[in-house]
Amino acid sequence: MVVNELASWLVLVHLALAMLILGLLLATAILALPPSKGETNRIAPVAAAATYVLLLTGSTVVASNADNGCHSWPLCGGGVALDFSGANAFTMLHRGAVLVIGILLVYSLVKALRLAALRPIAMATIAVFALQVAVGAGAAVTDGALFNGLHVAIATLVWAGMASLALLALPRTDRAPALARLAVDKRPA
Ligand code: HEM
């Protein structure tokens, strides 16, 4: 990133790798929790994978400098019309992904609310997702670094929440090394 002066493809790869590392750290921590039979929540891994894609669409906005060309909300054409010209296409991709993936995300979070083990994380993730949409609008209409910084920070929280839900729903076995029952024959030599 430094040597290539923030080349666009590296901005995208950098965010993708950072989020992957966070996901793997969460997997290490969650799979080390006490044994569990897991939860029936098949949508959670799909929603987590879709959230990862959503993060990447956001990164294309920054990588292509599209954020400097569209300062209206919710759409780029003055807020009310679709505008796919030039880099605005990346902005429209991100906003479209927020709409489509956001519906999937909210649906999976509402389903997770019914499972006691997942409820606290589902509630926290719904809250940070709602905040993220508001901060995203702030990042879109202003030029302020505050909103941009908050937006990437809260995106990390949304990803952490969705990845945790998918990981917590997995069955976990007891990893403690169990002593094998060995019959040791002690005959005199
Ligand atoms: C309607 C809602 C949203 C709007 C209007 C919006 C708008 C934006 C804007 C303007 C940027 C460029 C920010 C910059 O210049 O640094 C951006 C980047 C980004 N967005 Fe969103 N966003 C929304 C929702 C979301 C959601 C729900 C997520 C993920 C959970 C997300 C993830 C990201 C990410 C990861 C970036 C790249 C940030 C960076 O690398 O600095 N956005 N978004």
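As the structure is a computational prediction, the values presented were derived from the model and not from experiment. Atoms within a ligand are numbered from 1 in the order they appear, just like the ligands themselves. The first residue of the sequence shown is numbered 1, and numbering continues consecutively from there.
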**Request:** Find all atoms of ligand 1 within a distance of less than 4.0 Å from any non-hydrogen atom belonging to Ser59, and give their numbers and elements.
**Result:** 36 (C), 37 (C)

**Spacing of CZ belonging to Arg119 relative to CZ belonging to Arg114, to within rounding of 0.5 Å** = 10.5 Å

**Message:** On a heavy-atom basis, which atom in Thr57 and which in Ala97 lie closest, and how many Å separate them?
**Reply:** OG1-CB, 3.8 Å

**Side chain, backbone, both or neither: the part of Trp159 lying under 4.0 Å from ligand 1 by heavy atom** = neither

**Message:** Treating Ser59 as the side-chain partner and Leu55 as the backbone partner, does any N or O pair qualify as donor plus acceptor under 3.5 Å?
**Reply:** no

**Prompt:** With a cut-off of 6.0 Å (strictly less than), are more than 12 heavy atoms of other residues, nucleotides or ligands near OH of Tyr107?
**Reply:** no

**Request:** Name the option, out of Leu75, Leu150, Val62, Ile101, that contains the heavy atom nearest to atom 40 (O) of ligand 1.
**Result:** Val62

**Prompt:** Which of the numbered atoms in ligand 1 are below 4.0 angstrom from a heavy atom of Asn148?
**Reply:** 13 (C), 14 (C), 15 (O), 16 (O)

**Request:** Please write down residue, atom name and distance for the protein heavy atom closest to atom 1 (C) of ligand 1.
**Result:** Trp73 NE1, 3.7 Å

**Asked** So, the side chain of Arg172 versus the backbone of Pro34: is there a donor-acceptor pair under 3.5 Å, distance only?
**Response** yes

**Message:** Need the ligand 1 atom indices (1-based, order shown) with element for anything under 4.0 Å from a heavy-atom of Arg95.
**Reply:** 5 (C)

**Message:** Within the 4.5 Å heavy-atom criterion, are Leu54 and Trp159 side-chain neighbours or not?
**Reply:** no

**Item:** Near atom 21 (Fe) of ligand 1 (under 2.8 Å) - protein N, O or S atoms
**Value:** His94 NE2, His151 NE2

Donor-acceptor contacts, no H, no angles, side chain residues 131-141, under 3.5 Å, sequence neighbours left out:
residue, atom, partner, partner atom, Å
Gln132, OE1, His151, ND1, 3.1
Gln132, NE2, His151, O, 3.0
Gln132, NE2, His151, ND1, 3.4

**Asked** Would you say His71 and Thr142 make side-chain contact, with heavy atoms under 4.5 Å?
**Response** no

**Message:** Could you check whether any side-chain heavy atom of His94 comes within less than 4.5 Å of a side-chain heavy atom of Cys70, counting everything from C-beta outward?
**Reply:** no

**Request:** Output every pair passing side chain to side chain donor-acceptor pair (under 3.5 Å) with a member in residues 7-32, not counting sequence neighbours, ordered by first then second residue.
**Result:** none

**Prompt:** Below 3.5 angstrom, do we get any N/O pair linking Thr51 and ligand 1?
**Reply:** no

**Request:** Among all protein heavy atoms, pick the one closest to atom 15 (O) of ligand 1 and tell me residue, atom and distance.
**Result:** Asp67 OD2, 2.4 Å

**Prompt:** Tell me, which protein residue and heavy-atom name are nearest atom 35 (C) of ligand 1, and how many Å apart are they?
**Reply:** Leu55 O, 3.5 Å

**Item:** Contacts of Ser108 that satisfy side-chain contact (heavy atoms from CB on, under 4.5 Å) - sequence neighbours left out
**Value:** Ile43, Ala47, Met162

**Request:** Examine ligand 1 and decide if any of its atoms is less than 4.0 Å from a heavy atom belonging to Phe147.
**Result:** no

**Asked** Against heavy atoms of Ala140, which atoms of ligand 1 measure under 4.0 Å?
**Response** 10 (C)

